[in-house]
Amino acid sequence: MSLMQSTNLPRVRFAPSPTGYFHVGSARTALFNWMFARQQGGSFILRIEDTDTERNREEWVTGIMDALHWLGLDPDEGPYRQSERMDLYKEAVDRLWINGYLYACDCTKDDLAHRIQSKGGGKPGYDGYCRDRGLEPGPGRVLRFKVPLEGSTIVEDLIRGNVEFRHDAIEDFVVVKSTGAPLFILANAVDDMDMGITHVIRGEDLLPSTPKGILLWRALVDSIGTSSATEKRRAPLPVFAHLPMLVNERRQKLSKRKDPVAIEDYRDKGFLAVAMRNYLALLGWSPKEGPEKADMNELVRQFRLEDVNHSPAFFDVKKLAHLNGEYIRGMSTEEFVAEYGTFRRRRGGADKGSGFDEGVFRRVAPLVQERVEILSEVEGMVAFLFSEQPPMDAASFEKAIQNNPNAKEILQAAKNGYAECPWHAIDIREVTVGIAEMVGLKLAKAQAPIRVAVTGSTVGLPLFESLEVLGRERTIARIQAALEKLA
RNA sequence: GGCCCCAUCGUCUAGAGGCCGAGGACACCACCCUCUCAAGGUGGAGACACGGGUUCGAAUCCCGUUGGGGCUGCCA
């Protein structure tokens with residue numbers, strides 16, 4: 001066994017159950033599997049756990065593939081679909097049955113509830129009623145695993161150490177539904193063995209089911225018997241590593257209903273894949289050397305499963321956003337323009353006749369880059385460039401123009417001054433500085449009415465560069481419009 | 001209820017007995033820079049849950065308490 005492990009490269013699998021969106025927790029699990037595989041030179045395998053027919057939808061699988069691709073975590077193998085491997089599970093079940101590891105059970109939920117109640121409460125879980133009834137398998141009957149009455153199973157976890165589970169606390173769990181369909185716990189073990197999985201890296205929520213998986217694994221190995229598949233006979237148990245959960249501000253497992261968990265939503269809000277990946281790597285782990293913002297090669301180099309934390313981590317969008325901003329600022333203008341372009345197209349905003357012009361955008365892009373954290377903030381910042389009149393913020397207009405005693409004089413002077421000066425930011429600035437002196441205000445104060453008249457808001461990109469890009473005509477027209485509105 | 005996991009600043013973490021009068025990052029506050037807003041720079045506030053041990057010495061090891069979380073489906 002040690003020989004097998006030392007000569008074979010690690011094989012890890014990411015085994016999501018399709019749900020229609022890609023959960024950030026799943027993304028983190030996929031990432032840690034991927035990082036481990038990359039670092040060890042092993043294989044990262046994608047397996048779709050869709051034994052439950054409710055979860056068997058092709059577009060959901062596509063969604064998983066797309067999300068993984070976006071994150072740069074393309075699998076080396078797969079996707080394998082459990083729904084296409086039913087024969088394998090049937091065969092395994094037959095072997096387990098023949099070797100006496102299973103028994104049929106026709107108890108209903110009500111039966112069990114009544115028995116437990118008449119016994120005066122007690123522990124939940126199946127009570128083993130059918131264990132020795134000798135029922136044959138058939139419609140309406142599930143197949144349960146005979147958990148040993150005594151002893152215990154120890155889960156050797158790379159992150160948590162040894163965790164012991166007493167057998168008397170493990171119920172005889174169902175392995176095959178009454179419809180004949182296998183349950184995930186069974187398919188999981190069969191597949192891990194069949195695929196030669198060496199390391200099972202997954203969420204901590206799966207830890208309690210792990211002893212069941214181990215029991216099943218051993219029974220499976222034993223059931224192969226003397227007939228064939230000698231290479232599988234000694235199939236070594238994979239190494240387990242249970243990752244800490246991702247939680248919300250209330251310290252609870254991230255839930256679909258209450259928390260923003262869909263990776264696709266983050267993507268559509270303008271979070272970059274590199275930032276998301278980097279941030280996810282920091283949840284439950286961190287590089288010992290160097291900054292937290294690091295490229296994947298560096299993170300992979302330093303990654304150690306043994307160093308993963310034990311405690312749950314809060315998914316902090318603020319920190320994600322900050323990291324995202326750092327990545328945005330770190331891009332070249334060309335990269336940023338391209339990135340924003342694909343973002344707009346994905347959003348379907350490219351066609352709206354919004355007047356968006358990439359050439360114009362490119363000119364202000366460096367200024368924008370420094371001021372946004374996520375791509376969705378860009379639009380509001382540059383909107384004034386792509387419409388006839390700026391989207392006017394009422395509060396800004398009131399404050400900087402309506403209720404500003406100097407506004408009329410400043411706007412008037414600007415209208416005149418801008419009509420004649422050379423149209424470059426520095427020249428426009430110079431004229432504006434002159435206006436400030438004239439009215440006896442600091443430039444900061446004096447520029448406000450102009451900014452609002454032209455861009456529609458008191459806050460925004462540097463004004464003079466904005467005016468240069470906007471153009472003389474439109475600038476003056478807007479100032480004129482503001483003057484008229486003021487009158 | 002039962003079983004299991006976890007416990008360092010508000011948050012993510014560094015820390016594997018003395019290097020810790022606990023370091024970094026996000027957020028927060030102040031100042032500097034500045035045409036607004038940012039970015040950037042400087043500084044600040046801010047944590048070893050509690051109680052027992054072990055030890056010359058504990059954030060680091062052990063036990064307990066408390067607190068939080070997960071699982072407890074013919075879902076995964």
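Just so we're on the same page: letters track the sequence lines, and every chain starts at 1. Predicted model, so just to flag it, every value in this text is computed and none were measured.
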Applying a 4.0 Å non-hydrogen cut-off, can you work out what A/Asn188 is touching in the nucleic acid: base, sugar-phosphate, or nothing? nothing
Can you tell which of B/C6, B/U11, B/C3 lies closest to the side chain of A/Ala169? B/C3
Could you check whether A/Glu306 gets within reach of a base, just the sugar-phosphate, or nothing at all, counting any heavy atom under 4.0 Å? nothing
Examine B/C71: is either OP1 or OP2 under 4.0 Å from a nitrogen or oxygen in the side chain of A/Lys253? Give yes or no. yes
A/Arg144 side chain near A/Arg131 side chain, heavy-atom distance below 4.5 Å: no
What nucleic acid atoms does A/Thr458 come within less than 4.0 Å of, heavy atoms only: base, sugar-phosphate, or nothing? base
P spacing across the pair B/C6 / B/A58, given as an integer number of angstrom: 24 Å
Does A/Arg166 make a side-chain N or O approach to OP1 or OP2 of B/C4 shorter than 4.0 Å? no
In whole Å, what separates the P atom of B/G52 from that of B/A39? 47 Å
Check every strand shown and say whether A/Leu461 touches a base, only sugar-phosphate, or nothing at a heavy-atom separation below 4.0 Å. base
When all nucleic acid strands are considered with a 4.0 Å heavy-atom cut-off, which category describes A/Gly284: base, sugar-phosphate, or nothing? sugar-phosphate
Kindly say if A/Arg429 contacts the phosphate of B/U34, meaning a side-chain N or O under 4.0 Å from OP1 or OP2. no
By the 4.0 Å heavy-atom rule, please label A/Arg160 as base, sugar-phosphate, or nothing. sugar-phosphate
Aromatic rings A/His23 and A/Tyr21: how do their planes relate, parallel, tilted or perpendicular, breaks at 30° and 60°? tilted
May I ask you to verify if any side-chain N or O of A/Ser286 is less than 4.0 angstrom from the OP1 or OP2 atom of B/A25? no
Confirm from the modelled atom types if A/Glu326 and B/C26 form a donor-acceptor pair under 3.5 Å, side chain to base only. no
Is A/Val175 close to A/Pro182 at the side-chain level, that is, under 4.5 Å between some pair of heavy atoms? no
So what does A/Gln252 touch, heavy atoms closer than 4.0 Å: a base, only the sugar-phosphate, or nothing? sugar-phosphate
Within the 4.0 Å heavy-atom criterion, would you say A/Phe464 contacts the bases, only the backbone, or no part of the nucleic acid? base
Select base, sugar-phosphate, or nothing to describe what A/Ala444 touches, counting heavy atoms under 4.0 Å on all strands. sugar-phosphate
A cation-pi test, strictly: NZ or CZ of A/Lys146 under 6.0 Å from the centre of the six-membered ring of A/Tyr103 and no more than 45 degrees from its axis. Yes or no? no
Using OP1 and OP2 only, check whether a side-chain N or O of A/Lys318 sits under 4.0 Å from B/A25. no
Taking any heavy-atom pair under 4.0 Å as a contact, classify A/Glu164: base, sugar-phosphate, or nothing. sugar-phosphate
Just checking A/Leu463: base, sugar-phosphate only, or nothing, at a heavy-atom cut-off of under 4.0 Å? base
Under 4.0 angstrom between A/Lys288 side-chain N/O and B/U13 OP1 or OP2: no
Looking across every strand, which nucleic acid part, if any, lies under 4.0 Å from A/Val142 by heavy atom: base, sugar-phosphate, or nothing? base
Select base, sugar-phosphate, or nothing to describe what A/Phe184 touches, counting heavy atoms under 4.0 Å on all strands. base
